[in-house]
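A note on names: the letters A, B, ... follow the listed sequences, proteins ahead of strands, and every chain is numbered from 1.
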Protein chains: 2
Amino acid sequence: MARWEPDARGRLAKAALELYLERGFEETTVLDIAERAGVTERTFFRHFTDKREVLFLNSGALQDAVVASITEAPPGGSPLEVLGAALIEGGRQLGVSREHARLRMSAITRHPSLLERELLKLSTLSGAASTALQERGVAAPTARLVADIAVGAFSVGFERWLDVEDDAEADLPDSIGATLAELRELAAPGA
Amino acid sequence: MARWEPDARGRLAKAALELYLERGFEETTVLDIAERAGVTERTFFRHFTDKREVLFLNSGALQDAVVASITEAPPGGSPLEVLGAALIEGGRQLGVSREHARLRMSAITRHPSLLERELLKLSTLSGAASTALQERGVAAPTARLVADIAVGAFSVGFERWLDVEDDAEADLPDSIGATLAELRELAAPGA
DNA sequence: GACGGGATGTCAGCGACTGACATGACTGTA
DNA sequence: TACAGTCATGTCAGTCGCTGACATCCCGTC
């Protein structure tokens, strides 16, 4: 598996994040990234489809976890409950450090181009969740709406997790769960 | 204001949509668009920042309408109620034909690159709505969550409006309102 | 009819991205 | 030990998105 210097992909992702934070996204050339990682520009594009994708290495893992969680959920439960639990479980399995997540998010929010890609990933996650819900018998229009809303809450919960001051109190699944609960309150007829 | 052939911007937007539908986004060159519109490639980039933006000419108008509606809303009412009414009003003022909206959406969903831009516009709208809510005294975290959720419902409502078969029954504000109502049901504690 | 300003044209150039082909490194096998 | 096959990487040439600098043209104004 490993030849030459191993893990070119990982080195490229690391070099890219560093450079995006040091100089900014626009000011960083793919050639810069490749050179810092010790490979050629061409090699970069063999590992990542474009200059943005390099910050989204593990976005597929979250989606897989969420879909699996929906599929394996016991029958019964409202769509929002099922998906909510799946998103909390996905957050649990993510296993990313707040430090790294903060740096990554910092780079992403600094440039619209990267934000676009982040939004696309969330949209893809929403689409996959919607499909998984439909396979459980949820009607398509309902599934799409629930997925959209719940993934939105997931995203907000993730950001709130990054904002917590005290490291000891920061728990991603808790934060997602709390945000989903708040969603229910805000949407409640009385609110 | 108008010299040479008037409305180069509008001609460019029209030519771009046509070509994206005829050949696809990737297969269309900015030079192609410019030639069909009777201008130079350079002129294209004076009117639009990039090849995607050309499909999002009036996205600012919706945002302005929504923000204005939030700002002018009478005091009282939950954040979700205020924003929901503002989004319905925004939909009312949009004034786009379903035919044109369908073609545009068809082009957008055909290519992830365009979908990214659509998502960014919605995110920007959400951010603006959140800010407007905060100026009404809504706490920042709540405002962000409500804005995210409500704009998501708006987007789903818009798509549903496009899907309605009978032209006579298709009303955008109604569709947005119905989707918001469904959101409340789905999120209600009992559901 | 000279003047000024805004929209357009022209041109040169950088950087993102791709296809085609060559080369290197490591594995399995005789 | 030699040889062949495979897969990641390197090399090279080319297209296209996008930008800055400068020239030009059309129009209203004085």
End-to-end bend of the helix from C:dG1-D:dC30 to C:dA30-D:dT1 (five-pair axes, 10° rounding)? 0°
Side-chain donor-acceptor pair under 3.5 Å between A:Ser130 and A:Gln134, yes or no?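 Checked: A:Ser130/A:Gln134 side chains pair up, N/O donor to acceptor below 3.5 Å.
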For a quick check under 3.5 Å, do A:Ser106 and A:Arg102 share a side-chain donor-acceptor pair by atom type?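 No - no donor-acceptor pair under 3.5 Å links their side chains.
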Hey, can you tell me if B:Phe25 and B:His111 have their rings parallel, tilted or perpendicular (30° and 60° cut-offs)? tilted
Strictly below 4.0 Å: does [X] bring a side-chain N or O up to OP1 or OP2 of [N]?
X       : N     : value
B:Thr40 : C:dG9 : yes
B:His47 : C:dA7 : no
B:Thr43 : C:dA7 : no

At under 4.0 Å between heavy atoms, how does the protein contact nucleotides 15-20 of chain D? Give one character per nucleotide, 5' to 3', with B, S or -. --SBBB
Sub-4.5 Å side-chain heavy-atom contact between A:Val156 and A:Glu159: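 No; the side chains remain at least 4.5 Å from each other.
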Here's one to test your reading of the geometry: is the NZ or CZ of B:Arg104 within 45 degrees of the ring axis of B:Phe56 and under 6.0 Å from its centre? yes
Can a salt bridge be assigned to the pair B:Glu118 and B:Lys121 using a cut-off of 4.0 Å between side-chain N and carboxylate O? no
Protein-nucleotide distance (A:Arg11, atom CZ; D:dA8, atom P), rounded to Å: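 Interatomic distance, CZ of A:Arg11 to P of D:dA8: 14 Å.
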Rounded distance (Å) that lies between atom P of C:dT8 and atom CG of B:Asp7: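 So the CG-P distance, B:Asp7 to C:dT8, works out to 10 Å.
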N/O donor-acceptor pairs under 3.5 Å from side chains in residues 142-152 of chain B, not counting sequence neighbours:
residue	atom	partner	partner atom	Å
B:Thr142	OG1	A:Glu182	OE2	3.4

Let's go through A:Ile176 and A:Leu172 carefully: what are the C-alpha distance in whole Å and the side-chain angles of both, what is the deciding distance for side-chain contact (heavy atoms from CB on, under 4.5 Å) to 0.1 Å, and is it a yes or a no? CA-CA 6 Å; A:Ile176 297 169; A:Leu172 180 52; 3.8 Å; yes
